[in-house]
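Values reported hereafter were calculated over all heavy atoms of this structure, with side chains retained and with hydrogens, waters and symmetry mates removed.
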Amino acid sequence: MDWIGITVAALRASVGPVAVAYALAGLGLNLQFGYAGLWNYGHVVAVAAGAYGAAIPLEAGATLMVGVLCGVAAALVVSLFLGVAALRLRLDYLAIATIAFGEIFRQVVRSNWAEPVTGGVFGIQQFARDFFDLNPISEGRYGWGDFSFDHRSLWLMIVGWTLIVIGVLAMYMLVHSPWGRTVRAIREDEQVARSLGKNVFFVRLQSFMIGSVFGAFAGVLLAFANNVNPDFYSLILTFWVYTALLIGGIGRVLGPVVGAVVFWFLFQWFDGFMQSSIAEGWYGNLLQTTDAGPFRFMLLGLILVLLVVLRPQGFFGDKDEALLDAS
Amino acid sequence: MSLAKFPHFKRFIWSIYLIILGAVFIGAMGFPVSGASGQETSESIKGRLEIEDTEAQGPRKVFTPISGVRVTVSQDGREIGTATSDGSGEWSVGIPSRGTYQVRLHTDTLPTGITLTDAEKSELPNVLVDEGQSKTVRFNFGPGTRDTVSRLERISNLVLSGLRFGAIIAMCSVGLSLIYGVTGLVNFAHGELVTLGALVAYYLHTSAAGPQMSLLLAIVPTLIICGLFGASMEMGIWRPLRKRHTSLIALSLVSIGLGFVLRYIFAIVFGVEFRSYSDYSVQDPVDFGWVSIAPKNMLILIVSVMLLAAFGLFLMLTRTGVGIRAVASNRELASVSGINVEKVIMGVWILGTASTALGGIFLGISERLDWRMGLRLLLLMFAAIVLGGLGTAFGAMLGGFLIGLIVEVSTYWIDNEFKVVVGLAVLVLMLFVRPKGLLGYRERAA
Amino acid sequence: MPPEAMPVEATPLEATSAVLPAESRPGVSKPNPILTARGLVRSFGAFKAVDIQNLEIQQGVITALIGPNGAGKTTFFNLATGFDDTSEGSCWFQDQRITGLHNYQIARLGAVRTFQNTRALTRLTVMENMLFASQQQFGERLHRVYGAKWRRKEQKEKERARELLDRFALTHMADEFAGTLSGGQRKLLEMARALMAEPTMVLLDEPLAGVNPALGETILEHILALKAGGTTVLFIEHDMSAVRKVSDWVICLAEGRVIAEGTHGEVGQNQLVLDAYLGSTRGGMSDDE
């Protein structure tokens with residue numbers, strides 16, 4: 001078995017454009033779930049709103065700036081609507097409301113009815129030319145051996161990692177400000193916050209919407225990287241971002257970034273490992289090559305379970321800061 | 001963390017291990033190993049071209065396949081693919097994803113002497129294909145035309161279909177609602193319990209390596225197996241986590257992860273294609289004038305209503321039933337008034353999983369089986385229990401029937417593709433208007 | 001403000017705290033009311049958990065709210081602070097009708113409550129618990145987060161928080177998570193946190209519940225200190241000796257109604273009050289004298 005090849009492929013995935021998008025989405029989810037304690041199971045809505053919000057005007061010929069702003073604005077509008085409606089609910093109801101809303105969003109954008117605008121099941125392609133025109137890197141592959149990226153991926157990664165650096169700094173300042181303190185206090189006990197004169201609903205709405213802006217940037221980046229396809233934005237995406245977040249550690253500023261990198265490393269490594277080991281006949285007739293995909297997802301599900309149960313603070317976290325533990 | 005803080009760790013790991021082992025074992029024994037890709041199944045449109053042999057003798061109709069006929073599938077003028085019917089009259093065209101397609105039969109390629117019964121029906125303008133579906137379309141050959149159905153007939157058929165679907169949702173959601181009621185767990189793995197029931201019955205009934213018992217007989221061991229599975233989950237996972245006072249949100253994340261594990265085990269073991277039970281898969285509908293319904297669906301509706309009524313009586317009249325309702329309405333109060341809460345929770349898991357499994361079998365009989373059948377139903381189940389009142393059994397029943405009706409009847413006015421959206425819109429609306437549901441007994445707003 | 005309570009002019013606190021009402025009958029009007037309830041009802045179906053015709057809490061004094069279990073004391077707290085929905089009637093705080101306001105709005109007016117079960121924000125440090133409670137957090141508004149100004153303003157708040165922590169003997173724990181505090185320390189933190197909000201009135205729901213006698217004494221001293229600092233105190237308490245030690249005025253609730261008001265001496269001898277306590281199977285008047 002080609003251990004090095006598998007590992008290098010996994011390393012490549014762990015810093016690639018999709019991992020970057022996961023990190024950005026995770027930053028937003030971390031604010032909502034980790035700091036504000038909002039049970040948001042529909043984070044995919046913000047990501048999809050960002051992707052479609054940018055892709056639709058760009059395809060219609062808008063400039064890059066307008067497109068990106070439209071993506072962010074779309075996420076803000078959608079999260080404002082969802083937040084105003086759902087943040088008054090108890091938190092377990094919020095979970096159900098957001099997950100349902102995520103599925104509604106996906107089904108509507110992929111419908112025939114919406115096809116003239118959203119491209120229906122086919123999605124939207126070939127709208128990111130302006131973005132790649134800005135690419136200063138000349139065509140070719142860059143890197144060492146198998147650990148290399150083409151100029152498009154590299155451009156996406158440069159922009160993406162820059163966004164992450166900015167995002168992490170912005171998030172650090174947010175959560176270490178008095179505003180961030182209030183957000184965390186509300187997570188701990190909303191009644192106490194109310195008794196001390198804090199407008200719980202408003203602060204929650206703020207954190208919900210800011211989290212969605214991060215999701216929107218993730219969506220825009222994903223759209224540039226992979227075009228826009230409605231079925232990519234199923235509710236499952238939310239839970240992979242959760243898994244990544246749990247790996248990195250909830251309620252830690254760098255948690256989602258570390259988590260996304262490790263998640264995509266594991267994801268790709270499991271894939272390579274399963275493909276090779278099945279091809280080499282390790283499991284006899286039990287598994288076929290086509291089972292590698294499902295098996296990898298199963299392992300990630302198992303990681304999600306074991307993380308929550310055994311290491312709620314994440315792979316690298318400190319037990320005292322575990323947010324998921326006994327309430 | 002140290003393992004000492006989680007004394008049930010061993011039991012926990014063991015049960016996860018056993019769940020996986022059991023599923024793989026069943027797979028190795030029973031199911032044909034899958035061949036399709038692990039990601040999404042590709043949708044297709046297919047059909048069989050055949051003409052009734054009117055001169056054949058005997059009680060059964062005899063059909064002769066028509067081969068060499070070209071069929072084109074297109075979408076909004078874009079041609080997606082073309083196929084030619086083979087020796088058994090079958091043709092199939094793969095399509096990129098779900099949506100509405102146009103299917104055209106090239107009448108010039110028909111053998112001489114065979115015509116469409118309705119010459120205008122050579123093109124079907126609105127063929128709707130669901131996610132993962134392999135859609136069968138039919139062209140009728142020979143003399144005579146089919147009469148169009150009246151409005152009244154259409155709506156009454158939709159109502160009946162809605163009741164059938166509602167009965168299945170109700171069967172499946174009672175468990176979900178009661179489990180929420182007694183433990184506070186929002187169980188996102190509940191869809192997988194639906195799939196589990198359907199697939200275990202498939203193994204016992206249809207699978208070549210299974211005992212191939214009749215479907216009706218297979219129901220009993222299926223329910224026992226699934227009930228035991230529910231009990232083992234409660235013992236191995238949920239009870240230890242509850243003892244540790246794990247927060248509800250952490251519990252729900254565990255259920256999401258568990259859902260993933262189970263679902264992809266199904267994908268590996270069962271494969272990703274759609275299948276049917278060998279019994280009752282094809283039935284001609286019986287015409288009752290305004291409505292026509294396949295006997296299996298009629299039976300599902302009647303049996304579900306009877307079982308749900310029996311379950312309702314059980315909850316109202318027996319000691320255990322009253323205990324369950326007491327725990328669901330107020331766990332602390334029930335506990336101090338001498339009810340053994342842990343025992344009640346265990347009972348709810350067993351009963352809930354078994355009834356959900358039965359719902360899954362019904363869904364499999366009425367529609368088809370695949371590894372994501374429960375996941376597709378999950379959000380509609382949530383819609384049902386939120387509509388009826390989270391945590392109540394009667395609410396889940398009422399909500400199930402209402403959601404089934406709303407979803408099906410809505411297609412009279414609204415495009416078929418928005419079926420699920422309508423159901424989920426009801427869920428979201430209900431949360432905003434009356435979060436405690438129609439029959440709920442607790443204020444749920446923050 | 002109801003008309004009969006209108007003519008009250010703000011008088012120096014030192015003077016008002018001494019002048020108690022002349023009469024001691026339920027619903028008596030008081031010289032300088034800060035919190036007023038008129039026809040206040042909270043009903044659950046046919047059952048009225050609170051049914052108060054007329055109740056005034058005097059500014060600058062310590063008022064104890066007593067009554068057997070289920071008398072509606074906490075429900076009254078919830079209604080007065082907006083944590084429960086009023087069925088009928090209204091409350092006024094100072095000159096403003098507060099019924100219908102959100103609970104956080106009432107808190108911002110200066111009526112801050114605590115809860116029966118201690119509620120520390122466990123995964124915030126003790127200092128963060130304190131700072132969070134302040135009403136003057138410049139950086140609490142989102143648009144100022146990225147400015148530099150809030151850091152300077154925060155320093156002042158920190159000093160104030162340190163003083164309060166000193167007073168409540170919690171300074172050494174300032175940088176620990178509140179979750180590491182003992183039960184008694186959490187009680188103290190909760191009081192200190194309420195004071196950080198600079199309330200004109202604090203409503204303490206059983207401040208002595210589950211507290212050892214020594215700490216109980218400390219808490220009572222803090223309550224007295226509050227009055228000395230000009231803060232009005234309304235507290236729910238079962239322990240009559242504690243009530244006797246600190247309260248200027250005692251109000252007794254039973255079955256949702258005010259059955260007696262007066263100094264602790266008067267209320268302690270009131271036959272209705274004794275009956276209410278004796279008639280209640282679940283509660284009892286704990287009097288160790």
Student: Measure the spacing between CG of A:Leu169 and OH of C:Tyr146 and express it to the nearest 0.5 Å.
Tutor: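 If I round to the nearest 0.5 Å, the distance is 9.5 Å.
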Student: For A:Phe202, does the CZ atom sit with more than 12 other heavy atoms under 6.0 Å from it, leaving out its own atoms?
Tutor: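 Count not over threshold, so no.
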Student: Do A:Trp179 and C:Arg141 have side chains that get closer than 4.5 Å, going by heavy atoms?
Tutor: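 Result no, sub-4.5 Å side-chain heavy-atom pair not found.
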Student: Is there a donor-acceptor pair under 3.5 Å between the side chain of C:Glu128 and the backbone N or O of A:Ala185?
Tutor: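 Side chain of C:Glu128 to backbone of A:Ala185, a donor-acceptor pair under 3.5 Å: no, none is there.
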Student: Looking at A:Ser195 and C:Ala107, what are the two nearest heavy atoms and their distance?
Tutor: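 Shortest heavy-atom contact: O-CB, 3.3 Å.
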Student: For C:Thr122, is it the side chain, the backbone, both or neither that has a heavy atom under 4.5 Å from a heavy atom of chain A?
Tutor: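 The answer is both parts of C:Thr122.
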Student: Heavy-atom pairs under 4.5 Å with chain C are the metric here; pick the option from A:Met173, A:Gln191, A:Gln206 that has the most.
Tutor: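 The candidate making the most pairs under 4.5 Å is A:Gln191.
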Student: Based on non-hydrogen pairs under 4.5 Å, which of A:Leu196, A:Leu174, A:Val183 is most in contact with chain C?
Tutor: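 Counting heavy-atom pairs under 4.5 Å, the top option is A:Leu196.
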Student: Measure the shortest side-chain to side-chain distance between C:Glu140 and A:Lys198 over non-hydrogen atoms and say whether it is less than 4.5 angstrom.
Tutor: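 Sidechains of A:Lys198 and C:Glu140: in contact.
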Student: Less than 4.5 Å to any heavy atom of chain A: does that hold for the side chain of C:Phe138, its backbone, both, or neither?
Tutor: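 Contact with chain A is absent: no heavy atom of C:Phe138 under 4.5 Å.
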Student: Which atom names give the shortest non-hydrogen contact between C:Leu124 and A:Arg181, and what distance separates them?
Tutor: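 Taking every non-hydrogen atom into account, CD2-O, 4.1 Å.
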Student: Count the heavy-atom pairs under 4.5 Å between each of C:Arg144, C:Arg193, C:Arg151 and chain A, then report the option with the highest count.
Tutor: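 Winner by heavy-atom pair count: C:Arg193.
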Student: Is there side-chain contact between C:His102 and A:Val200, with heavy atoms separated by less than 4.5 Å?
Tutor: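 SC-SC contact between C:His102 and A:Val200 ruled out.
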Student: Please classify the contact between C:Phe115 and chain A as side chain, backbone, both or neither, with a heavy-atom cut-off of under 4.5 Å.
Tutor: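 Only the side chain of C:Phe115 comes within 4.5 Å of chain A.
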Student: Any side-chain heavy-atom pair from A:Ile210 and C:Leu142 closer than 4.5 angstrom?
Tutor: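 A side-chain contact exists here, since the closest heavy-atom pair is under 4.5 Å.
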Student: For atom CZ of A:Phe263, is the number of surrounding heavy atoms from other residues, nucleotides or ligands below 6.0 Å larger than 12?
Tutor: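 Yes, the 6.0 Å shell around CZ holds more than 12 heavy atoms from other groups.
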Student: Select one option (side chain, backbone, both, neither) describing which atoms of C:Thr180 are under 4.5 Å from chain A's heavy atoms.
Tutor: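 No part of C:Thr180 comes within 4.5 Å of chain A.
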Student: Taking side chain as C-beta onward, heavy atoms only, is C:Arg123 less than 4.5 Å from A:Arg184?
Tutor: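 Counting from C-beta outward, C:Arg123 and A:Arg184 never come under 4.5 Å.
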Student: Tell me, for C:Ala133 versus chain A, whether the close heavy atoms (under 4.5 Å) come from the side chain, the backbone, both or neither.
Tutor: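 Contact with chain A is through both the backbone and side chain of C:Ala133.
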Student: Would you confirm whether A:Arg194, through its side chain, and C:Tyr104, through its main-chain N or O, come within 3.5 Å as a donor-acceptor pair?
Tutor: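 Checking the backbone N and O of C:Tyr104 against the side chain of A:Arg194, no donor-acceptor pair under 3.5 Å is found.
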Student: Give the minimum heavy-atom separation between A:Ser177 and C:Val145, together with the two atoms involved.
Tutor: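 Scanning both residues completely, I find the closest heavy atoms to be OG-CG2, 3.5 Å.
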